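A quick note: this is a predicted structure, and the numbers were derived from the prediction, not measured. As the structure lists them, so they are numbered: ligands from 1, and atoms in each ligand from 1.
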Amino acid sequence: MLKSCCVYSTGVLCILFLIAGISLVLSQVFQNIVYNRIKSEVVLKNGTDAFAAWENPPPPVYMQFYFFNLTNPIEVLAGDKPAVVELGPYTYREYRPMSNVTFLENGTKVEAINPKTYVFEANMSSGSEEDLIRTVNIPAMTVMEKMKNSPFGGALISKYMTGEEIGLFTSVSVGDLLWGYEDKLLEMVKTFEPSLDTKFGLFYKMNGTDDGDYVFYTGSQNYQDFASVALWKGQSSLNWWTSDECNMINGTNGASFHPIVNQSETLYMFSSDLCRSMYAVFEKDVWVKYLPAYRFVPPSEVFANMTINPANAGFCVPEGNCLGSGLLNVSVCKQGAPIIMSSPHFYQADEKFVEDVIGMKPKKEHHETAIDINPLTGIVLRAAKRLQVNVLVEKIEVFQSQTGDVRTLVFPVMYLNESVVIDDDSAKKLLAVVAEGNVVINIPFIIIGLGILLGVVFMALMCRQRTPESSPAERQPLLKP
Ligand SMILES: *[C@@H]1O[C@H](CO)[C@@H](O)[C@H](O)[C@H]1NC(C)=O
Ligand SMILES: *[C@@H]1O[C@H](CO)[C@@H](O)[C@H](O)[C@H]1NC(C)=O
Ligand SMILES: *[C@@H]1O[C@H](CO)[C@@H](O)[C@H](O)[C@H]1NC(C)=O
Ligand SMILES: *[C@@H]1O[C@H](CO)[C@@H](O)[C@H](O)[C@H]1NC(C)=O
Ligand SMILES: *[C@@H]1O[C@H](CO)[C@@H](O)[C@H](O)[C@H]1NC(C)=O
Ligand SMILES: *[C@@H]1O[C@H](CO)[C@@H](O)[C@H](O)[C@H]1NC(C)=O
Ligand SMILES: *[C@@H]1O[C@H](CO)[C@@H](O)[C@H](O)[C@H]1NC(C)=O
Ligand SMILES: *[C@@H]1O[C@H](CO)[C@@H](O)[C@H](O)[C@H]1NC(C)=O
């Protein structure tokens with residue numbers, strides 16, 4: 001009697017556990033508990049971990065530059081394809097704390113500037129800042145482009161360039177090419193244009209300076225707005241290329257995205273050096289320091305030409321002037337210099353650009369921009385932003401002595417890889433948060449599992465009760481041949 005009571009209560013418990021477990025799964029109570037806790041913690045508020053990590057991100061950010069050294073300048077001027085050798089990395093540690101932080105509008109927004117400082121890391125570099133790079137003379141190319149339709153002024157400048165031995169190509173040290181050097185030609189042109197800056201460098205005036213005033217959402221109103229850019233330089237305009245300003249504001253700047261990231265989401269990232277925002281979509285699951293992550297990459301449509309992706313008409317500047325897949329004319333943002341951005345080695349660009357330069361070897365894993373995000377917390381575990389700076393080179397009649405018979409081509413000068421990986425301390429802390437969240441989220445499944453276990457026990461007990469018990473003596477022979 002007591003025995004069968006035990007058996008039946010096991011059965012009842014089994015059913016109760018199953019019902020409770022399944023209804024907890026369906027109502028997502030435990031999932032919501034975890035999500036709500038994370039949502040409430042991820043807000044930019046003085047004193048929170050999220051604020052500390054946003055204000056001064058703990059993991060080191062490295063900016064690595066790779067240069068293309070031209071090996072055959074004389075042949076290129078005679079009409080041959082350029083052949084280049086990749087040099088680098090030249091690595092800089094990037095310090096990027098938020099500064100002048102002020103909370104606005106009851107803590108729903110926060111205003112800040114984000115100055116970046118670069119310090120050379122010799123032991124992470126192959127070569128020194130004194131290495132000479134032979135590449136296109138960008139100030140000269142810019143001046144020639146500007147003067148190409150003025151025969152008289154052009155001839156005068158061409159003569160001056162010949163006298164000073166200034167040609168289409170030049171050799172400049174890595175340090176000068178990045179951080180700026182006095183350019184003789186620009187000094188000469190300054191006599192006609194007194195406002196001209198006679199220094200030139202790809203990262204000239206970028207060390208220790210900020211790229212304008214930002215206003216971010218703190219995420220206190222909507223967790224999905226966490227740390228995303230509300231205003232840049234006082235503007236919220238989403239227009240691409242308004243007048244001569246390069247303002248494109250969208251997305252997040254910094255080390256975090258909103259928590260609880262969905263695989264079907266499009267992530268917007270703001271990049272002032274691209275003069276626009278980029279977007280990325282889910283590619284695959286990855287692991288970073290034992291933490292689960294979603295990898296987001298810019299889809300190939302981002303780089304496609306207008307025929308394939310009509311939305312990219314914004315790349316065609318001036319209007320109707322399209323360069324082809326994978327290239328972005330950023331001339332307007334670079335004081336009129338004929339600068340064209342692409343992925344390193346023209347990854348995802350038209351095959352034509354790869355074939356035009358000997359030495360280009362595009363490779364997905366080395367040349368794509370990718371960002372690995374922990375989906376639960378939105379914390380960036382690893383990221384690499386990769387961009388190439390190119391110059392449009394072409395034959396210009398007035399400057400016959402300088403440009404010779406050069407082909408019209410997009411000449412690669414340098415590419416960069418700005419990367420970050422979560423530091424071990426933060427990874428350890430995050431691992432605890434993720435593990436705890438996983439346990440709590442899985443409580444309903446543990447209850448269902450217990451229900452199933454009880455079900456099995458119940459059935460075993462039922463069978464035992466029904467079948468008559470056999471004596472050990474009867475079983476004995478089975479064990480013997
Ligand atoms: C945050 O709080 C600390 C100490 O209470 C204070 O010194 C600091 O100015 C505050 N920061 C901001 C941005 O309000
Ligand atoms: C800030 O909060 C107070 C009280 O909740 C409210 O009266 C005020 O309008 C809010 N100000 C802004 C700028 O939202
Ligand atoms: C950038 O500025 C910092 C501090 O002023 C300095 O230590 C560093 O050497 C500079 N980096 C370059 C590349 O000039
Ligand atoms: C780049 O090429 C030039 C010309 O061949 C050479 O003098 C220079 O040493 C090269 N630079 C490096 C860093 O190898
Ligand atoms: C800006 O972001 C929103 C979503 O946050 C998106 O709908 C919109 O298309 C984006 N605009 C541009 C120009 O990328
Ligand atoms: C790039 O844009 C500038 C300014 O909008 C324009 O003058 C130039 O022709 C463009 N270059 C190409 C190759 O389309
Ligand atoms: C766009 O790209 C496709 C495929 O790469 C190519 O077939 C097409 O000719 C291109 N269109 C233009 C206008 O460049
Ligand atoms: C950055 O990218 C380059 C080339 O794609 C690669 O060689 C380098 O290891 C990367 N750096 C880091 C820190 O991941």
task = Before accepting this row, confirm whether a basic side-chain N of the pair K428/D424 lies closer than 4.0 Å to the acidic partner's carboxylate O.
result = no

query = What do we get for L132 next to ligand 4 when only non-hydrogen atoms under 4.0 Å count, side chain, backbone, both or neither?
reply = backbone

message = Below 3.5 Å, N or O to N or O, backbone or side chain included: is there any such pair between N69 and ligand 4?
response = yes

query = Are F65 and Y90 close enough that their ring centres sit under 6.0 Å apart?
reply = no

task = Could you tell me whether I133 approaches ligand 4 through its side chain, its backbone, both or neither, with non-hydrogen atoms closer than 4.0 Å?
result = neither

remark   = Among non-hydrogen protein atoms, atom 5 (O) of ligand 8 lies closest to H366 O, 2.3 Å

remark   = Counting heavy atoms under 4.0 Å, the part of Y347 that contacts ligand 8 is neither

request  = Say whether S419 and ligand 8 are in contact under the criterion: heavy-atom distance to a ligand atom below 4.0 Å.
outcome  = yes

key: Numbered atoms and elements of ligand 6 in range of L392, under 4.0 angstrom, heavy atoms   = 13 (C)

inquiry  = Does this structure show an ion pair linking K395 with D405, if we count only N-O contacts that are shorter than 4.0 Å?
reply    = yes

note = For atom 4 (C) of ligand 4, the closest protein heavy atom turns out to be R134 NH2, 3.3 Å

query = Any non-hydrogen atom of T71 lying under 4.0 Å from ligand 4?
reply = no

ask   = Are any non-hydrogen side-chain atoms of Q348 and H367 less than 4.5 angstrom apart?
value = no

ask   = What about the rings of F103 and F51, do their centers lie closer together than 6.0 Å?
value = yes

query = So which protein heavy atom does atom 7 (O) of ligand 8 come closest to, and at what separation?
reply = Y66 OH, 3.2 Å

ask   = Should the pair K148-E394 be classified as a salt bridge under the 4.0 Å nitrogen-to-oxygen rule?
value = yes

query = Any ion pair linking K205 and D197 (charged N to carboxylate O, less than 4.0 Å)?
reply = yes

request  = Answer yes or no: is there an ion pair linking R37 with E436, defined by an N-O contact shorter than 4.0 Å?
outcome  = yes

request  = Starting from atom 12 (C) of ligand 8, find the nearest protein heavy-atom neighbour and note its residue, name and distance.
outcome  = Q64 OE1, 3.4 Å

task = Name the closest protein heavy atom to atom 13 (C) of ligand 4, giving the residue it belongs to and the distance to 0.1 Å.
result = L87 CD1, 3.4 Å

query = With a 4.0 Å cut-off on heavy atoms, does K363 reach ligand 8?
reply = no

query = So, E182 versus T198: side-chain donor-acceptor pair below 3.5 Å or not?
reply = yes

query = Which ligand 8 atoms, with their elements, are less than 4.0 angstrom from a heavy-atom of Y415?
reply = 4 (C)

note = min-distance protein heavy atom vs atom 10 (C) of ligand 8 -> N417 ND2, 2.4 Å

message = Check this for me: does any side-chain nitrogen of one of K184 and E187 sit under 4.0 Å from a carboxylate oxygen of the other?
response = no

